[in-house]
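One structure below.
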Amino acid sequence: MDKLSVAQARKVESVGKKVLLRGWVRTRRDSKGGFSFIELNDGSCFGNVQVVADGSLPNYQNDVLRLSVGSSVAIEGEVLASPAKGQATEVKATSLRVYGDADPATYPMQKKGHSMEFLREQAHLRPRTNTFGAVTRVRSQISRSIHEFFSEQGFFYIHAPIITASDCEGAGQMFRVTALDMAKPPRNGAGEIDYSRDFFGRGTYLTVSGQLEAETYATALGKVYTFGPTFRAENSNTSRHLAEFWMIEPEMAFYELPDNMDLAEAFLKRVFRDALEKCPEDMAFFNERIEKTAISTLQGIVDSQFVRLPYTEAVDILTKSGQTFEFPVKWGIDLQSEHERFLTEKHFKCPVILYDYPRGIKAFYMRLNEDGRTVRAMDVLVPRVGEIIGGSQREERLDVLTERMQEQHLSPEAYWWYLDLRRFGTVPHSGFGLGLERTVQFVTGIGNIRDVIPFPRVPGSADF
RNA sequence: UCCGCGAUAGCUCAACGGUAGAGCAGCCGGCUGUUAACCGGCGGGUUGUAGGUUCAAAUCCUACUCGCGGAGCCA
């Protein structure tokens, strides 16, 4: 008696084995001949295994005929080649034991399709659906591919802190972390809350980026990456934003911007290729039910070269495109979603890496170009999702970096340790940030970012 | 946060000033291996919340809550 997963039991190699399967009933069909078909799923793969439960089972009347969607069972039996179409194998049950019923009158999950909005309200049960099982397996595979890719490229995995004292990283609103009693917090002379008497002796926040910390390790170990949760308290209500999401941030010493682009392109291709090769059943489902171009888009990207285009030329293309945009394009402004979408979806029809942005619209740490007007920033744009990667070559010159900080009203004293990296043994270096959820969205074709993370945190909602 | 749209049975929706309906699911029955099984029957509702207009409100008006699409911000 082998304990098999449903994935194993569905393979022809398992025919003839006596097996034990455990899982959840997806549906039951009763035959005219006094026996039943049970579709069993245990999450190990997209498909179910068909179990044939004969009327001669001692508990056929009492248990089998009462099985409903969501019931949990243990089934002993033999794997047979299926005589009917639709599946290679089936399991002829010799015994069936019910772990737990799922009362069909009250169990929210039904056999038919539910809306994504309804499933979001049932976030604890939605992993039992085809869609969320598939999303979960693909998300897991993507995470694994990321670690494998960086490991093979000689990167070290760095755990950046989640609690940070930098309140001025400039990457959006931060969540405050405090152990003070907010009902009666200590006050200073000015009547403000005195965070110097808080747990850490100063105000602290949840991280909005591990980049600055990653730079400290890149300038010692060469190539590093972070992969962890990130928090933004922005009141963003869109299908592309979460208050808590997972970000991947590689940071590489001795990499200049073209090296950074090479890495970003190879990285995305590897992740997409793995999804296609290692999750074919799940991807076929997304392609059929969620996004008709999911597979062809990914395959196209794996096989093609990303377009690399300076911001200035992108502005040229947009102004000469003949398209009317809600926001007119002009050199010096940040590109809008509609502009980015036009470039990647209509003009080039492939991923586009835009680089050398105006200094005024990008972060202080991005390296200033010789022209004095642009910085070595890069954004990777993909169809449907837009910006999936944002990165840059970092400013390694102490004087220029200090100047740029003052330009953006940041205090160099607060960043003393970051500036030390430029004071002592400074090197050219680069890095980028990739949103895991946006990557999962892009791969699966799922429209709303709240449906590619198990328990989404967004303004007004932190359920489950 | 801004603009627009929406909320009706467990789920997906219809009814658009005059007694709230259908499909699916559920329950009961039928059906010689089924594939979102099929066929027949039955039950199922304070129409998101709170006010207002009207002889009469799911329907018109106001506020609020939540959801969706888009924008901003970004990953």
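The figures here come from the full heavy-atom set of this structure, side chains too, leaving out hydrogens, waters and symmetry mates. Lettering of chains follows the sequences in order, A, B, ..., and the numbering in each one begins at 1. Quantities reported herein were computed from a predicted structural model and do not represent experimental measurements.
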Task: Validation row: A:I446, A:T131 side chains within 4.5 angstrom (heavy atoms) - done: yes
Open item on the list: Students often get this wrong, so: under 4.0 angstrom with heavy atoms, is A:F118 touching a base, only sugar-phosphate, or nothing?
Closed with: sugar-phosphate
Open item on the list: With rounding to the nearest 0.5 angstrom, report the CD1 to CD1 distance, A:I333 to A:I361.
Closed with: 8.0 Å
Task: B:U1 and B:U12, which share atom name P, separated by this distance in whole Å - done: 26 Å
Task: From NE2 (A:H347) to CG (A:L309), nearest 0.5 Å - done: 8.0 Å
Could you list the protein-to-nucleotides 3-9 of chain B atom pairs, N/O on both sides, closer than 3.5 Å?
none

Task: Side-chain donor/acceptor contact of A:Q87 with base of B:U35 under 3.5 Å - done: yes
Task: Of the listed nucleotides B:U1, B:C73, B:G33, the one nearest the side chain of A:N235 - done: B:U1
Task: Reading 5' to 3' through nucleotides 38-47 of chain B, protein heavy-atom contacts under 4.0 Å coded B for base, S for sugar-phosphate only, - for none - done: ----------
- [ ] Ignoring backbone atoms, test whether A:T27 places a side-chain nitrogen or oxygen under 4.0 Å from the OP1 or OP2 oxygen of B:A36.
- [x] no
Open item on the list: What I want to find out is whether A:E76 reaches A:K18 closely enough, with some N-O distance under 4.0 Å, to be called a salt bridge.
Closed with: no
Open item on the list: Using 0.5 Å steps for rounding, measure from the OG1 atom of A:T164 to the CG atom of A:L212.
Closed with: 8.0 Å
- [ ] Using the P atoms only, state how far B:G4 lies from B:C16, rounded to an integer number of Å.
- [x] 26 Å
Open item on the list: Could you check whether A:R308 pairs with A:D356 (Lys NZ or Arg NE/NH1/NH2 to Asp/Glu carboxylate O, under 4.0 Å)?
Closed with: no
Task: Interatomic distance, A:N48 CG vs B:U34 P [rounded to whole Å] - done: 18 Å
- [ ] Using a cut-off of 6.0 Å, state whether more than 12 heavy atoms not belonging to A:R66 lie near its atom CZ.
- [x] no
Task: A:Y107 OH - B:G26 P separation (whole Å) - done: 13 Å
Task: Carboxylate-amine/guanidinium proximity below 4.0 Å for A:D282 and A:R139 - done: no
Open item on the list: Nearest whole Å is fine: how far is B:U12 C1' from A:M116 CE?
Closed with: 15 Å
TODO: Kindly indicate whether the side chain of A:Q336 and the base of B:G72 share any N or O donor-acceptor pair separated by less than 3.5 Å?
DONE: no
TODO: Provide the distance between the two P atoms, one in B:A14 and one in B:C2, to the nearest whole Å.
DONE: 29 Å
TODO: If the plane angle is over 60° it's perpendicular, under 30° parallel, otherwise tilted; pick one for A:F46 and A:F285.
DONE: tilted
Task: Inter-nucleotide P distance (B:U59, B:U47), Å rounded - done: 10 Å
Task: Gap in Å between the two C1' atoms, one belonging to B:C13 and one to B:A25, rounded - done: 15 Å
Open item on the list: Within a 6.0 Å radius of atom OH on A:Y217, are there more than 12 heavy atoms belonging to other residues, nucleotides or ligands?
Closed with: no
Open item on the list: If I pick the C1' atom on B:G17 and the same atom on B:C61, what distance separates them, to the nearest angstrom?
Closed with: 14 Å
Open item on the list: Rounded to whole Å, how long is the line connecting atom CG of A:D334 with atom P of B:A71?
Closed with: 14 Å
- [ ] Between B:G69, B:C74, B:U34, spot the one nearest the side chain of A:N448, thanks.
- [x] B:G69
Task: Position toward the 5' end of RNA chain B (nearest nucleotide), A:L434 or A:G447 - done: A:G447
- [ ] Assign A:Q50 to base, sugar-phosphate, or nothing according to its heavy-atom contacts below 4.0 angstrom with the strands shown.
- [x] base
Open item on the list: For a quick check of understanding: with a heavy-atom distance under 4.0 Å over all strands, which category does A:S115 fall into, base, sugar-phosphate or nothing?
Closed with: sugar-phosphate
Task: N or O in side chain of A:R29 less than 4.0 angstrom from B:A37 OP1/OP2 - done: yes
Task: Side chain proximity check, A:K362 to A:S392, heavy atoms < 4.5 angstrom - done: no
Open item on the list: On the nucleotide B:A71, are OP1 or OP2 found under 4.0 Å from the side-chain N or O atoms that A:R341 carries?
Closed with: yes
TODO: Measure from CE on A:M247 to C1' on B:C74 and round the result to the nearest Å.
DONE: 10 Å
TODO: Quick one: label A:I248 by what it contacts on the DNA or RNA (base, sugar-phosphate, nothing), any heavy atom closer than 4.0 Å.
DONE: nothing
Open item on the list: Testing A:F272, A:F155, A:F150, A:Y225 one by one against A:F267 for a ring pair (Phe, Tyr, Trp, His ring centres under 6.0 Å), which residue passes?
Closed with: A:F150
- [ ] Rounded to the nearest angstrom, tell me the gap between atom CG in A:D30 and atom C1' in B:C28.
- [x] 14 Å
Task: Side-chain-base donor-acceptor pair under 3.5 Å for A:S236 and B:C74 - done: no
Open item on the list: At less than 3.5 Å, do the side-chain atoms of A:N237 and the base atoms of B:U1 form a donor-acceptor pair?
Closed with: yes
Open item on the list: Please identify which of these residues, A:E256, A:E215, A:K223, A:E395, meets the side-chain contact (heavy atoms from CB on, under 4.5 Å) condition with A:H429.
Closed with: A:E215
- [ ] Have a look at A:R66 and say if it touches a base, only the backbone sugar-phosphate, or nothing, with a 4.0 Å heavy-atom cut-off.
- [x] nothing
Task: B:G45 and B:U8, which share atom name C1', separated by this distance in whole Å - done: 8 Å
Task: Base of B:G10 paired with side chain of A:Q110 (donor-acceptor, under 3.5 Å) - done: yes
Open item on the list: Are the side chains of A:V25 and A:V73 in contact, using a 4.5 Å heavy-atom criterion?
Closed with: yes
Open item on the list: Does A:E90 reach a base, just sugar-phosphate, or nothing at all? Heavy atoms under 4.0 Å.
Closed with: base
TODO: Describe the nucleic acid contact of A:T230 in one word from base, sugar-phosphate, nothing, applying a heavy-atom distance below 4.0 Å.
DONE: nothing
Task: Electrostatic pair A:D54-A:K92, nearest N-O below 4.0 angstrom - done: yes
Task: Whole-Å distance separating the CD1 atom of A:I38 from the P atom of B:G33 - done: 16 Å
Task: C1' atoms of B:G10 and B:U34, separation to the nearest Å - done: 26 Å
- [ ] Look at A:R404 together with A:E407 and state whether they make a salt bridge at an N to O cut-off of under 4.0 Å.
- [x] yes
Open item on the list: When you measure only distances, ignoring hydrogens and angles, does the side chain of A:H114 come within 3.5 Å of the base of B:C11 through a donor and an acceptor?
Closed with: no
Open item on the list: Are B:G33 and A:F37 stacked, with the base six-membered ring and the side-chain ring centres under 5.5 Å apart and planes under 30°?
Closed with: no
Open item on the list: On RNA chain B, compare the nucleotides closest to A:G435 and A:P459; which residue's is nearer the 5' end?
Closed with: A:P459
TODO: May I ask you to say what A:R26 touches in the nucleic acid, namely base, sugar-phosphate or nothing, with a heavy-atom cut-off under 4.0 Å?
DONE: nothing
TODO: Figure out the CD1/C1' separation between A:I449 and B:C74, and round it to whole Å.
DONE: 10 Å
Open item on the list: At less than 4.0 Å, is any side-chain N or O atom of A:S31 found next to OP1 or OP2 of B:G33? Yes or no.
Closed with: yes
Open item on the list: Using OP1 and OP2 only, check whether a side-chain N or O of A:S239 sits under 4.0 Å from B:G70.
Closed with: yes
Open item on the list: Could you spell out the base pairing of RNA chain B as a dot-bracket line? Use Watson-Crick and G-U wobble contacts where both distances are under 3.5 Å, [ ] for crossing pairs, | for partners on a different strand.
Closed with: (((((((..((((....[..)))).(((((.......))))).....(((((..]....))))))))))))....
